[in-house]
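Notes to accompany the following structure.
Atom set for the values below is all heavy atoms of this structure, side chains included, hydrogens, waters and symmetry mates excluded. The chains referred to below are lettered A, B, ... by the order of the sequence lines, with proteins before strands, and numbering in each begins at 1. Treat the numbers as computed from the prediction; the structure is a model and nothing was measured.
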2 protein chains.
Amino acid sequence: MGTQTRQSQRRRQVLSRERIVEAAVELLDTEGEGGLTVRALAERLSTGSGAIYHHVGNMGELLQAATATVVAAALPPLRTSTVSPQNPDAPRPPDAPQTPDSTGSPEDAIRAVALGLFDAVLEHPWLAAQLAAQLTRSPWGAVTPRIFESIGRQVRALDVPRRDWFATTSTLVHYILGATAQNAQTPDGTDGGPFPETAAERSEFLDAASRAWQDLDPDDYPFLHDIADQMREHEDREQFLTGIGLILTGITAGAPAG
Amino acid sequence: MGTQTRQSQRRRQVLSRERIVEAAVELLDTEGEGGLTVRALAERLSTGSGAIYHHVGNMGELLQAATATVVAAALPPLRTSTVSPQNPDAPRPPDAPQTPDSTGSPEDAIRAVALGLFDAVLEHPWLAAQLAAQLTRSPWGAVTPRIFESIGRQVRALDVPRRDWFATTSTLVHYILGATAQNAQTPDGTDGGPFPETAAERSEFLDAASRAWQDLDPDDYPFLHDIADQMREHEDREQFLTGIGLILTGITAGAPAG
DNA sequence: ACCTGAACACCGTTCAAGT
DNA sequence: ACCTGAACACCGTTCAAGT
């Protein structure tokens with residue numbers, strides 16, 4: 001047990017893809033979208049800029065990995081951790097607690113998944129733009145499948161005919177991503193920079209937007225003019241859940257339980 | 001009618017914000033996301049890079065203006081022109097199918113608005129990323145209000161109680177933007193570059209994605225594994241309309257006509 | 001194998017200088 | 001007022017050179 005052989009705690013930890021992604025997330029969280037830079041990353045990891053490319057290959061790939069990491073942490077685990085599904089001969093104790101999935105309705109589980117993403121975006125404002133970017137850049141790869149799986153399982157648990165699974169899940173995922181994108185609350189200030197987000201600032205922000213809607217020509221924008229006050233007073237989270245509820249109603253109304 | 005006073009067609013037209021935005025759209029259309037550059041723009045307009053900043057002030061502002069222009073062209077006019085129901089100067093893509101006429105039900109009008117955006121994204125692949133970016137950057141300003149107004153008017157025409165106008169419209173808009181974002185069909189190739197998009201390429205693309213889903217560990221991704229074939233065979237436009245229909249069902253089921 | 005860091009080919013933006 | 005275009009302060013990425 002030499003004294004100098006192990007400084008693993010904090011000093012010269014070997015560079016790895018995992019450590020780089022972790023540092024990238026921290027940088028994005030603290031400095032904003034524009035804060036993630038190969039040079040900044042290298043400095044934070046006490047290494048040269050070129051070293052990054054030995055583990056990551058690409059800035060886009062790094063952003064994708066950072067996004068995937070945060071998304072995975074925000075969603076329920078893929079495998080229920082308590083019991084291994086690979087062990088069919090394991091005897092079930094008669095008093096075994098039911099699995100977490102079976103406790104609530106599928107609707108509640110969908111709401112939980114959606115809120116997990118919603119909250120992740122509040123915690124990591126850069127995530128909204130990244131989710132959207134990833135959705136447009138690699139629609140079926142990268143982070144989307146992870147979200148699709150979490151939602152789709154619950155759709156399957158609803159009384160949705162098999163042929164509608166894909167369309168139904170797509171609708172939910174698209175809504176969640178669209179709604180989530182708008183809730184980044186990163187005002188316009190020339191992208192990047194640390195994020196605001198006190199309650200007072202949010203209120204001020206909505207006030208300004210509401211006034212802007214009210215100042216629009218009522219002949220061009222009669223609707224916006226009408227609901228400018230409704231917009232100012234809306235609550236993001238509540239509105240988000242209302243949307244989920246609307247879609248769930250549409251789903252179950254189309255295929256009533258039988 | 002002088003011979004030399006008007007060379008407005010192509011030569012030394014005075015630089016203007018409008019002309020710059022127009023050139024930006026062309027550049028984005030032909031060269032892809034990465035093709036819009038102040039230098040490229042200046043060259044295309046036969047001017048210096050600094051001249052751009054006399055009219056636009058900002059790259060972000062320019063992107064916003066380009067997005068707003070294309071979106072406005074894709075949506076029905078804000079004021080109904082009293083006489084002619086048709087819009088003669090609207091540039092229609094050569095193979096664009098006709099959209100449902102707005103003379104029908106509010107539901108059909110909503111579908112028409114949504115399809116207008118859907119088709120605009122097909123025609124301008126860069127639009128998907130820009131819509132998403134604008135949604136996250138200035139959620140209530142820029143292009144969102146224009147879309148909100150078009151959808152909201154039709155929501156008002158449905159039997160939705162006034163207090164639900166905002167939430168209902170938000171839900172539709174969020175879904176439309178989320179679904180639209182995924183339909184950019186711009187594969188991963190290091191953003192920018194001219195876009196692909198033959199039918200064969202699309203099919204190949206979906207095939208690869210479907211195979212990728214099938215190759216996932218069925219213990220981690222049972223749902224994706226199950227619907228991989230459904231994903232491959234889905235038709236974007238039809239799926240998009242199914243989602244709209246689902247939400248419309250939810251809306252009318254929640255507030256039945258009375 | 002892993003890392004260094006100068007160098008390269010780009011960006012957006014500015015600004016003295018021209019007309 | 002409008003435009004020019006060199007210059008500035010950045011980027012991401014590469015690659016000979018080190019260990």
Nearest-nucleotide wise, let me know which of A:M59 and B:A51 is further upstream toward the 5' end of DNA chain D.
-> B:A51
Taking the six-membered ring where the residue is Trp, are the ring centres of A:F166 and B:F223 under 6.0 Å apart?
-> no
Result of checking B:L131, B:L177, B:L135 against B:V143 for side-chain contact (heavy atoms from CB on, under 4.5 Å) = B:L131
Look at the rings of B:W140 and B:F148 and say which category their plane angle falls in: under 30° parallel, 30 to 60° tilted, over 60° perpendicular.
-> perpendicular
Taking the side chain of B:S49 as its heavy atoms from C-beta onward, which of C:dG5, D:dG5, C:dC3 lies nearest to it?
-> D:dG5
Kindly say if B:N58 contacts the phosphate of C:dG12, meaning a side-chain N or O under 4.0 Å from OP1 or OP2.
-> no
Going by modelled atom types, is there a donor-acceptor pair between the base of D:dC2 and the side chain of B:H54 at under 3.5 Å?
-> no
Strictly by modelled atom types, are A:H174 and B:Q182 linked by a side-chain donor-acceptor pair under 3.5 Å?
-> yes
I need the [atom1]-[atom2] distance between [X] and [N], as an integer number of Å.
| X | N | atom1 | atom2 | answer |
| --- | --- | --- | --- | --- |
| B:I52 | D:dC3 | CD1 | P | 9 Å |
| B:Q64 | C:dG12 | CD | P | 17 Å |
| A:L41 | C:dC3 | CG | P | 13 Å |
| B:Y53 | C:dG12 | OH | P | 6 Å |
| B:L27 | C:dG12 | CG | P | 11 Å |
| B:H55 | D:dC3 | NE2 | C1' | 9 Å |
| B:I20 | C:dG12 | CD1 | P | 14 Å |
| B:L15 | C:dT19 | CG | P | 19 Å |

When you look at A:W213 and A:H225, which way does the side chain to side chain contact (heavy atoms under 4.5 Å, CB included) test go after all the steps?
-> CA-CA 6 Å; A:W213 281 20; A:H225 199 260; over 6 Å; no
Do the charged groups of B:R137 and A:E33 touch, with an N to O distance under 4.0 Å?
-> yes
Under the 3.5 Å Watson-Crick or G-U criterion, the dot-bracket string of DNA chain C, with | for inter-strand pairs = ||.|||||...|||||.||
Hey, does A:T144 have a side-chain heavy atom less than 4.5 Å from the side chain of A:P139?
-> no
Given side chains that start at C-beta, do those of B:E31 and B:T37 come closer than 4.5 Å, heavy atoms only?
-> no
Contact list (N/O, under 3.5 angstrom) for nucleotides 9-11 of chain D vs protein:
{"unit_1": "D:dC11", "atom_1": "N4", "unit_2": "A:R39", "atom_2": "NH2", "d": "3.4"}

Pair B:L45-B:I52, side chain to side chain contact (heavy atoms under 4.5 Å, CB included): steps then yes or no | CA-CA 9 Å; B:L45 294 165; B:I52 308 290; 4.2 Å; yes
